[in-house]
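Treat the numbers as computed from the prediction; the structure is a model and nothing was measured. Throughout, protein chains are lettered first and strands after them, A, B, ... in sequence-line order, and every chain is numbered starting at 1.
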2 protein chains.
Amino acid sequence: MNEKQYLNEYQPKDYPVVLVTVDTVLFSFIKDELSVLLVKRNNHPYKGHWALPGGFVDQTQDPSLEHAASRNIREKTGIDASYLEQLATLGSGKRDPRGWSVSTAYTALIPHAKCEHFVDSVDDAAWFSVDEALRMKLAFDHTAIIRLALERQHQKALYSFVPVFGLTQPFTITDLRKAHETLIGKPIQRKSFIRRFESSDMFIDTGKVRQERGRPAALYKAKAAIKSFRFVRNLDE
Amino acid sequence: MNEKQYLNEYQPKDYPVVLVTVDTVLFSFIKDELSVLLVKRNNHPYKGHWALPGGFVDQTQDPSLEHAASRNIREKTGIDASYLEQLATLGSGKRDPRGWSVSTAYTALIPHAKCEHFVDSVDDAAWFSVDEALRMKLAFDHTAIIRLALERQHQKALYSFVPVFGLTQPFTITDLRKAHETLIGKPIQRKSFIRRFESSDMFIDTGKVRQERGRPAALYKAKAAIKSFRFVRNLDE
DNA sequence: TCCTTTAGTGACTTTAGGACACTATAGTGG
DNA sequence: CCACTATAGTGTCCTAAAGTCACTAAAGGA
């Protein structure tokens with residue numbers, strides 16, 4: 001049998017089906033607090049429970065897994081996440097009562113201001129503080145997925161500037177430091193952070209300043225390459 | 001409709017099927033050279049091409065994705081990989097001519113001596129040097145998956161002792177350093193490496209030595225916790 | 001005995017974060 | 001106008017850990 005014949009006769013439904021979904025852990029800083037976007041399920045299973053935004057891959061719309069993830073983000077927030085990272089894939093016969101299921105989890109950080117209005121208009125989506133979300137009984141294994149995402153974001157905050165994607169540009173060094181501190185869960189030495197900020201060469205001084213209380217702070221923008229920037233040395237934990 | 005009714009009437013095959021596979025990038029050090037295990041496909045598509053060991057999730061045998069990966073490793077090498085890490089999941093409508101397909105890639109390091117005989121007996125499996133494998137026209141997107149695995153192993157060699165899983169225990173410090181050097185692709189300062197080796201407290205001196213040419217070298221075993229050990233600072237690149 | 005080879009150590013340099021006090025620049029209230 | 005407070009930003013010393021490289025240690029072989 002040649003390949004053409006094989007493909008013509010190939011019937012995938014001769015084999016047991018695996019359900020394929022994506023789930024996204026979307027973080028945002030709301031009043032210096034780390035928040036995660038959840039969606040209320042209005043279908044079985046776990047009907048009425050809160051869950052991570054996500055769903056089945058749609059072969060008519062999604063050329064790739066990552067597309068499925070960003071489509072889900074867009075549907076719930078109205079924006080495209082400029083930082084979207086694949087976290088892990090969970091697959092087992094037990095995680096979904098409908099059958100053997102595989103879910104690829106993604107995580108992203110988005111600036112709250114950019115999507116605040118849209119999220120308010122989507123009536124089954126809402127932001128929860130991470131502490132609160134972890135105490136809730138979420139659908140499927142979504143609590144474990146959030147923990148994985150937190151761990152990943154914590155690590156990234158120690159050796160990269162990925163947390164910058166949770167800020168609206170331009171931003172001050174303190175804005176960025178506070179974002180890191182929120183993800184790490186402890187304060188960072190200001191001087192150390194500023195040194196890393198400057199030595200990284202990943203930021204552009206806009207020349208403008210912002211002033212609230214006290215001395216005005218310089219406003220910066222991040223360069224595009226910041227997404228892949230890495231320090232060789234981690235901050236203290 | 002309640003949940004029970006929903007589940008009874010749920011027909012997954014009402015939706016287009018997604019093919020779910022796992023692929024494993026299995027590395028081993030053969031004469032200080034990094035090698036990767038490949039398997040010759042004897043079915044369409046890519047019949048006759050070399051590919052990564054892997055295949056469809058088998059719902060009758062595999063309780064989880066990771067189980068599917070280790071089962072594939074066991075089938076081709078006869079051993080259980082004590083270090084098996086999930087790499088990434090690739091999913092698109094184009095990577096497999098049979099349809100929309102998702103593959104979760106795993107990577108592992110195994111000691112060559114432990115599986116040499118078994119692999120020789122499996123006539124469609126063979127070790128290739130990484131350079132050679134990357135020059136070959138492999139099935140699906142397996143060349144890209146190997147590159148991902150190499151990148152991951154390279155990073156791990158800079159901040160962990162994961163490469164130890166490619167060695168037969170006990171081993172000398174030089175054995176381990178050479179493993180790291182192979183993954184990083186450049187020499188490491190002996191003194192720096194020894195300092196890290198000792199400060200990590202992840203090794204047990206067996207009291208025995210091994211001697212080839214020159215002064216005998218102390219033999220060590222790795223502690224179980226080594227899998228999750230991390231340095232805060234990377235080696236130079 | 002000396003040469004070669006590989007293992008292991010000593011000691012100085014370099015890098016970069018930690019700590020913390022100091023100065024700078026804004027608003028505010030007497 | 002002058003403290004006082006708040007936040008931004010700097011100067012300086014300390015410390016941890018890697019880089020460098022020469023030295024010593026212990027084996028076999030000519």
Side-chain angles (χ1 to χ4, degrees), chain A residues 31-32 154-161 163 167 170-181 184-221 229-237, chain B residues 31-32 155-161 167 170-181 184-221 229-237:
Chain A
K31 294 186 252 110
D32 279 0
H154 178 116
Q155 289 303 319
K156 292 255 163 179
L158 295 174
Y159 64 75
S160 80
F161 282 125
L167 304 179
F171 50 87
T172 67
I173 300 186
T174 300
D175 292 339
L176 183 54
R177 181 168 50 80
K178 288 212 183 304
H180 281 250
E181 287 173 345
I184 296 173
K186 61 162 263 187
I188 299 168
Q189 286 283 338
R190 282 190 314 131
K191 178 69 179 185
S192 300
F193 194 80
I194 293 171
R195 264 192 304 239
R196 284 167 74 109
F197 187 93
E198 281 166 355
S199 73
S200 71
D201 191 32
M202 282 293 130
F203 301 96
I204 299 160
D205 189 336
T206 62
K208 298 179 181 167
V209 293
R210 190 178 67 203
Q211 196 218 321
E212 284 164 342
R213 295 181 303 281
R215 174 172 168 177
L219 286 165
Y220 297 87
K221 292 192 171 187
F229 181 82
R230 298 275 179 285
F231 287 98
V232 295
R233 186 165 164 184
N234 286 13
L235 290 171
D236 271 12
E237 283 201 270
Chain B
K31 294 186 250 107
D32 278 1
Q155 290 302 320
K156 293 256 164 178
L158 294 175
Y159 64 75
S160 81
F161 282 126
L167 303 178
F171 51 86
T172 67
I173 300 186
T174 300
D175 292 339
L176 184 54
R177 180 168 50 81
K178 289 213 184 304
H180 280 250
E181 288 173 343
I184 297 173
K186 61 162 264 187
I188 299 168
Q189 285 283 341
R190 280 191 315 133
K191 179 67 180 185
S192 300
F193 194 80
I194 293 171
R195 264 193 304 239
R196 285 167 75 109
F197 187 93
E198 281 167 354
S199 74
S200 73
D201 191 32
M202 283 292 131
F203 302 96
I204 299 160
D205 190 335
T206 63
K208 299 181 182 166
V209 293
R210 190 177 66 203
Q211 196 218 322
E212 285 166 339
R213 294 181 302 281
R215 175 172 169 178
L219 286 165
Y220 296 87
K221 292 191 172 188
F229 180 83
R230 298 273 179 286
F231 286 98
V232 294
R233 185 165 166 184
N234 286 12
L235 290 171
D236 271 11
E237 283 200 90

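The base of D/dG11 lies close enough to the side chain of A/K191 for a donor and an acceptor atom to sit less than 3.5 Å apart. A donor-acceptor contact under 3.5 Å links the side chain of B/R190 to the base of C/dG8. In terms of polar N and O atoms assigned as donor or acceptor, the side chain of B/R195 never comes within less than 3.5 Å of the base of D/dA17 in a complementary pairing. Evaluation of atom-type donor-acceptor distances gives no pair under 3.5 Å for the side chain of B/R215 against the base of D/dA26.
Residue B/D201 contributes atom CG, which lies 14 Å from atom P of D/dA17 at whole-angstrom precision. Atom CD1 in A/I188 sits about 18 Å away from atom P in C/dA16, given to the nearest Å. Rounded to whole Å, atom P of C/dT5 lies 9 Å from atom CZ of B/R213. The separation between A/F197 atom CZ and C/dG17 atom P is 14 Å, rounded to whole Å. Remark: C1' of C/dT14 and CG of B/L235 are 16 Å apart, rounded to the nearest angstrom. A straight line from CD of A/E237 to P of D/dA16 spans 18 Å, rounded to a whole angstrom. Rounded to whole angstrom, the span from the CG atom of B/D205 across to the P atom of C/dG8 amounts to 9 Å. Spacing between atom CZ of A/R177 and atom P of D/dT7 amounts to 11 Å, rounded to whole angstrom units.
Take the nearest nucleotide of DNA chain C for A/F231 and for A/P216: the residue whose nucleotide is more 5' is A/F231. Heavy-atom distances to DNA chain C give each of B/E198 and A/F193 a nearest nucleotide, and the one nearer the 5′ end belongs to B/E198. Nearest-nucleotide mapping onto DNA chain D: of B/S199 and A/R210, the residue sitting toward the 5' end is A/R210.
Comparing atom distances between the A/R196 side chain and each of D/dG19, C/dG17, D/dA8 picks out C/dG17 as nearest. Among the nucleotides C/dA7, D/dA8, D/dG19, the one closest to any side-chain atom of A/A217 is D/dA8.
Within the 4.5 Å cutoff, no side-chain heavy atoms of A/N234 are placed close to those of B/R230. Side-chain contact between A/E181 and A/K178 is present, with heavy atoms from C-beta onward closer than 4.5 Å. Taking 4.5 Å as the limit, some side-chain heavy atom of B/L219 sits within range of a side-chain heavy atom of B/T172.
Contact annotation for B/T172: no contact, since no heavy-atom pair falls under 4.0 Å across all strands. Within the nucleic acid shown, B/Q189 comes within 4.0 Å of at least one base atom, counting heavy atoms only.
Rounding to the nearest 0.5 Å gives a distance of 7.5 Å between OG1 of B/T206 and NZ of B/K221.
Classification of the B/F197-B/F193 ring pair by plane angle, with boundaries at 30° and 60°, yields tilted.
OP1 or OP2 of D/dA8 has at least one side-chain nitrogen or oxygen of A/T174 nearer than 4.0 Å.
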